[in-house]
Amino acid sequence: MAEKDEIFKRTHSCGELDIRELNREVTLMGWVHSRRDHGGLIFIDLRDRDGITQIVLNPEIDKISHEMAQSIRNEFVLAIKGKVSARPKDMINPKLKTGEIEVYADNLRILNESRSLPFPLDEHSGISENLRLKYRYLDLRRPFLQGNLILRHKVVKRVRDLLDKKGFIEIETPFLTKSTPEGARDYLVPSRVNPGKFYAMPQSPQLFKQILMVSGFDRYFQIVKCFRDEDLRADRQPEFTQIDMEMSFIEREDIFLLIEEMMAEIFREIKGINIDTPFPILGYKEAIERFGIDKPDIRYGLELKDITDIAKETEFQVFSKTVEEGGKIKGINVKLGSRFSRKELDDLTGMVIGYGAKGLAWIKITEEGYKSPITKFFSKEMLDSIAEALKGEKGDLLLFVADSPEVVTSSLCQLRIHLGERLELPDKDKYGFVWITDFPLLEYDEAEKRYIAMHHPFTAPVDEDLRLFDEDPARIRAKAYDLVLNGQEIGGGSIRIHLRDIQQKMFNALGIDEKEAILRFGFLLEALEYGAPPHGGIALGLDRLIMILAGAASIRDVIAFPKTQKAACLMTDAPSEVDEKQLKELKLKVERD
RNA sequence: GGGGUCGUAGUUCAAUCGGUUAGAGCACCGGCCUGUCACGUCGGAAGUUGCGGGUUCGAGUCCCGUCGGCCCCGCCA
């Protein structure tokens with residue numbers, strides 16, 4: 001029996017006791033994960049972020065504690081003193097790290113009580129996400145989310161240590177900065193001392209890190225929040241974190257080496273997995289041709305094959321007419337797909353129609369030969385060469401879309417992703433890293449009737465393409481690269497323009513005249529005139545990387561306080577209206593309809 | 001801006017073709033229980049079927065609108 005005012009000082013976490021601490025007097029503090037009252041004997045699973053320890057309350061050990069324990073409910077916060085005891089052999093719980101021992105409480109203090117929870121915290125009940133987000137502090141008690149955030153901490157620590165070792169300096173850049181109309185929509189912050197003027201939250205620290213290169217910091221990094229006011233997705237939040245890097249006097253390959261080393265270390269030290277380096281490199285054009293997308297999941301095949309030349313001579317009007325009109329025919333081979341039912345094929349057809357295709361042609365290769373509603377339009381030789389082009393064998397299903405190149409590419413790409421998921425083609429234990437390079441520098445924006453930068457306006461063109469600025473800007477390749485992992489873009493960067501006149505050429509190509517360029521980016525242009533070194537960099541999407549490492553289906557599961565699809569925080573109820581007084585100070589008026 | 005999907009007890013779900021008093025598990029409350037660990041057992045309480053309107057003798061169910069969660073297209077240099 002302890003004295004009432006005895007001092008409780010935590011000696012161990014709830015996850016670290018084992019048989020070696022036998023008979024030790026310990027003090028644990030934590031939350032009641034569950035209570036099992038047997039009348040004479042009460043068991044409490046005490047939980048903290050480190051684990052769960054079973055506490056036994058036996059009236060023969062301490063009558064007062066046992067009585068107190070009868071009023072204890074889930075998520076009460078307790079301090080418990082007691083002796084570490086070995087569990088009887090057949091009572092060992094192999095599911096717990098601490099399952100060989102239990103603590104017989106001889107003194108108990110209730111540090112705080114808890115109302116009964118709005119939803120259970122156990123792992124086996126799925127709870128609607130709006131509730132979880134409203135009570136985020138409770139959701140964050142669950143081991144899955146705690147584990148994800150701890151994983152995130154470990155990755156960030158590794159990255160900091162590695163970059164420090166490599167001579168990188170971590171430098172903070174402003175969150176209140178200048179709005180630049182290129183790129184994503186900005187989050188704006190009104191300036192009270194400059195009424196009518198606004199700061200923008202950075203979409204990335206791009207210009208600042210380039211300026212730091214001009215200042216001679218040589219190697220910069222920052223683990224930094226970025227803000228983009230665009231619509232959300234399962235892997236997109238309005239504020240997200242980048243591992244942002246920039247280096248002087250380097251080539252693209254220096255960046256590849258650094259990032260490959262970083263990824264290899266993270267996967268080795270945190271997941272215990274050895275990944276192959278160097279990562280394969282895929283040109284943008286080839287990626288689009290083979291996979292229909294610039295962020296392919298290369299862990300499985302189902303590659304797109306062009307059969308335009310083989311199939312254009314057919315009687316089948318859908319094909320021949322498409323080719324006449326400048327379209328293309330591409331197909332994919334679904335290995336062992338000939339067992340697909342008519343209904344399944346109809347569903348796939350519906351899917352590609354959803355992406356703009358007019359239909360989906362299919363050919364099954366069976367024991368009895370080709371089976372398809374369209375075989376009658378093709379000669380045996382033609383069918384053989386189509387099958388050969390797609391490496392079709394008995395049992396396979398060949399799927400084709402004939403349309404404009406854009407529709408063929410996007411619909412077959414979506415079909416490939418869909419079938420990949422449905423047939424569980426990617427090996428879940430594999431990590432498919434790939435560099436995508438040689439992006440076009442510019443793309444034509446139909447809505448704005450001008451070229452826009454595919455990466456950003458500071459990306460350097462490939463040297464031998466410089467002459468194309470005057471001839472054919474669309475064909476200029478950029479010294480830009482993306483890092484793709486399992487079909488997700490997890491990073492991107494480029495070698496930057498460090499020469500003022502090339503930067504001006506770039507602005508010209510974007511339809512930004514000298515005057516406007518100075519207005520928007522004058523500070524950078526000027527900086528380039530004061531001895532800017534050749535430089536380049538990359539930014540990795542930390543949240544997406546953690547998602548993949550954690551096996552999380554949503555970016556919200558790796559962010560402590562994420563926002564919903566409507567960019568709201570259900571816990572704090574942000575965004576919200578503000579006082580008229582605040583608006584007045586900012587000289588702002590809200591228009592209501 | 002558009003498409004899809006979901007919303008019923010604290011929670012997870014059920015409720016036939018539109019038809020009696022909207023049910024069940026878990027949680028909650030009370031009793032019993034000294035080896036449980038998703039404890040067991042007996043009993044109890046618990047509902048604005050997201051919200052508003054409409055159709056109907058009758059709506060959780062059908063229709064219209066609206067709010068919210070999720071997934072996707074557009075958008076995201």
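Because only heavy atoms are used, hydrogens play no part in the values below, and waters and symmetry mates are left out as well, while side chains stay in.
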Requested in this report: Between rG69(B), rC73(B), rC75(B), spot the one nearest the side chain of K566(A), thanks.
Outcome: rG69(B)
**Report entry** Separation of rG74(B) P from I452(A) CD1 (nearest whole Å)
**Finding:** 14 Å
For residues 43-51 of chain A, dump all side-chain donor-acceptor pairs below 3.5 Å to protein atoms at least two apart in sequence or in another chain.
residue	atom	partner	partner atom	Å
D45(A)	OD1	R36(A)	NH2	3.0
D45(A)	OD2	S34(A)	OG	3.3
D45(A)	OD2	R36(A)	NH1	3.1
R47(A)	NH1	H33(A)	ND1	2.9
R47(A)	NH1	E75(A)	OE2	3.0
R47(A)	NH2	E75(A)	OE1	3.0
D48(A)	OD1	C14(A)	N	3.4
D48(A)	OD1	D50(A)	N	2.8
D48(A)	OD1	G51(A)	N	3.2
D48(A)	OD2	C14(A)	N	2.7
D50(A)	OD2	S13(A)	OG	2.4

Query raised in the report: Which residue, S554(A) or L117(A), contacts RNA chain B at a nucleotide closer to its 5' end, judged by nearest heavy atom?
Result: L117(A)
Requested in this report: Answer yes or no: does a side-chain N or O of R73(A) lie under 4.0 Å from OP1 or OP2 of rC29(B)?
Outcome: yes
Requested in this report: With heavy atoms under 4.0 Å as the rule, sort E102(A) into base, sugar-phosphate or nothing.
Outcome: base
**Report entry** Y199(A) OH: over 12 foreign heavy atoms closer than 6.0 Å
**Finding:** no
Please tabulate, one pair per line, each protein N/O and nucleotide N/O from nucleotides 11-14 of chain B that are separated by under 3.5 Å, including the distance.
residue	atom	partner	partner atom	Å
rU12(B)	OP1	S128(A)	N	2.8
rU12(B)	OP1	S128(A)	OG	3.4

Report summary line: Numerically ordered, the residues 201-209 of chain A set in heavy-atom contact under 4.0 Å with RNA chain B is S204(A), Q206(A)
Query raised in the report: Quick one: side chain to side chain donor-acceptor pair (under 3.5 Å) pairs with a partner in residues 558-571 of chain A, sequence neighbours left out?
Result: E239(A)-K563(A)
Query raised in the report: Which nucleotide, in any strand shown, forms a Watson-Crick or G-U wobble pair with rG74(B), with both distances under 3.5 Å?
Result: none
Side-chain polar contacts of residues 345-353 of chain A - donor-acceptor pairs under 3.5 angstrom, sequence neighbours left out - could you list them?
residue	atom	partner	partner atom	Å
D347(A)	OD1	K343(A)	NZ	3.3
D347(A)	OD2	K343(A)	NZ	3.0
T349(A)	OG1	L345(A)	O	2.8

Query raised in the report: Would Q146(A) and R142(A) count as having a side-chain donor-acceptor pair, cut-off 3.5 Å?
Result: no
Requested in this report: Using the side chain to side chain donor-acceptor pair (under 3.5 Å) rule, collect all pairs that involve residues 90-102 of chain A, keeping only residues at least two apart or in two chains.
Outcome: Q54(A)-E102(A)
Requested in this report: Using the test side-chain contact (heavy atoms from CB on, under 4.5 Å), find all partners of E448(A) that sit at least two apart in sequence or belong to another chain.
Outcome: D445(A), R450(A)
Query raised in the report: Along nucleotides 40-45 of chain B, 5' to 3', which nucleotides get a B, which get an S, and which get a -, given that the test is a protein heavy-atom distance under 4.0 Å?
Result: ------
Query raised in the report: Can you tell me how far C1' of rC76(B) sits from CZ of F240(A), to the nearest Å?
Result: 9 Å
Report summary line: Partner of rU66(B) under the Watson-Crick or G-U wobble criteria, both distances under 3.5 Å, comes out as rG50(B)
Requested in this report: In plain terms, say whether R35(A) and D37(A) are close enough for a salt bridge, that is, a side-chain N and a carboxylate O under 4.0 Å apart.
Outcome: yes
Query raised in the report: Contact class for M91(A) (heavy atom, under 4.0 Å): base, sugar-phosphate, or nothing?
Result: base
Query raised in the report: Are any of the side-chain nitrogens in K209(A) or D244(A) under 4.0 Å away from the carboxylate oxygens of its partner?
Result: yes
Query raised in the report: Which nucleotide in the set rG35(B), rC39(B), rC71(B) lies at the smallest distance from any side-chain heavy atom of R556(A)?
Result: rC71(B)
Requested in this report: Would you confirm whether D513(A), through its side chain, and K515(A), through its main-chain N or O, come within 3.5 Å as a donor-acceptor pair?
Outcome: yes
Query raised in the report: Who does rC29(B) pair with, Watson-Crick or G-U, both distances under 3.5 Å?
Result: rG43(B)
Query raised in the report: Do E182(A) and H456(A) have side-chain N/O donor and acceptor atoms under 3.5 Å apart?
Result: no
Query raised in the report: For the side chain of R87(A) and the base of rC37(B), is some donor closer than 3.5 Å to an acceptor across the two?
Result: yes
Query raised in the report: Starting at CG of L96(A) and ending at C1' of rA38(B), how long is that distance when rounded to a whole Å?
Result: 12 Å
Query raised in the report: Just by modelled atom types, is the S494(A) backbone N or O under 3.5 Å from a matching donor or acceptor in the Y481(A) side chain?
Result: yes
**Report entry** Under-4.0 Å salt bridge between D403(A) and K358(A)
**Finding:** yes
Query - Selection from rC72(B), rG35(B), rC37(B) that lies nearest to any side-chain heavy atom of L41(A) - result: rG35(B)
**Report entry** Interatomic distance, K134(A) NZ vs rG68(B) C1' [rounded to whole Å]
**Finding:** 12 Å
Requested in this report: Name every residue in residues 227-239 of chain A that has at least one heavy atom under 4.0 Å from any atom of RNA chain B, in order of residue number, or write none if there are no such residues.
Outcome: R228(A), E230(A), D231(A), R233(A), A234(A), R236(A)
Query - Under the side-chain contact (heavy atoms from CB on, under 4.5 Å) test, residues paired with L466(A) that sit two or more places apart - result: P461(A), F469(A), I502(A)
Query - All side-chain contact (heavy atoms from CB on, under 4.5 Å) counterparts of P562(A), not counting sequence neighbours - result: L133(A), R136(A), Q237(A), R556(A), I559(A)
Report task. In whole angstrom, give the distance that lies between atom CZ of F43(A) and atom C1' of rU36(B). Result -> 5 Å
Query raised in the report: Between rC29(B), rC76(B), rC73(B), which nucleotide has the shortest distance from any of its atoms to the side chain of Y355(A)?
Result: rC73(B)
Report summary line: Whole-Å distance, H418(A) NE2 to rG4(B) P, equals 18 Å
Query raised in the report: Between N74(A) (CG) and rA38(B) (P), how many Å, whole number?
Result: 14 Å
Report summary line: By nearest-nucleotide position on RNA chain B, the 5'-leaning member of P88(A) and A453(A) is P88(A)
Query raised in the report: For the pair made of CG in N93(A) and C1' in rA38(B), what is the distance, rounded to whole Å?
Result: 12 Å
Query raised in the report: Is rG19(B) paired to anything, Watson-Crick or G-U wobble with both distances less than 3.5 Å, and if yes, which nucleotide?
Result: rC57(B)
Query raised in the report: Does D235(A) have any side-chain hydrogen bond (donor to acceptor under 3.5 Å, both in side chains) partners at least two apart in sequence or in another chain, and if so, which?
Result: none
**Report entry** Options rC70(B), rG35(B), rU34(B), nucleotide nearest the side-chain atoms of E129(A)
**Finding:** rC70(B)
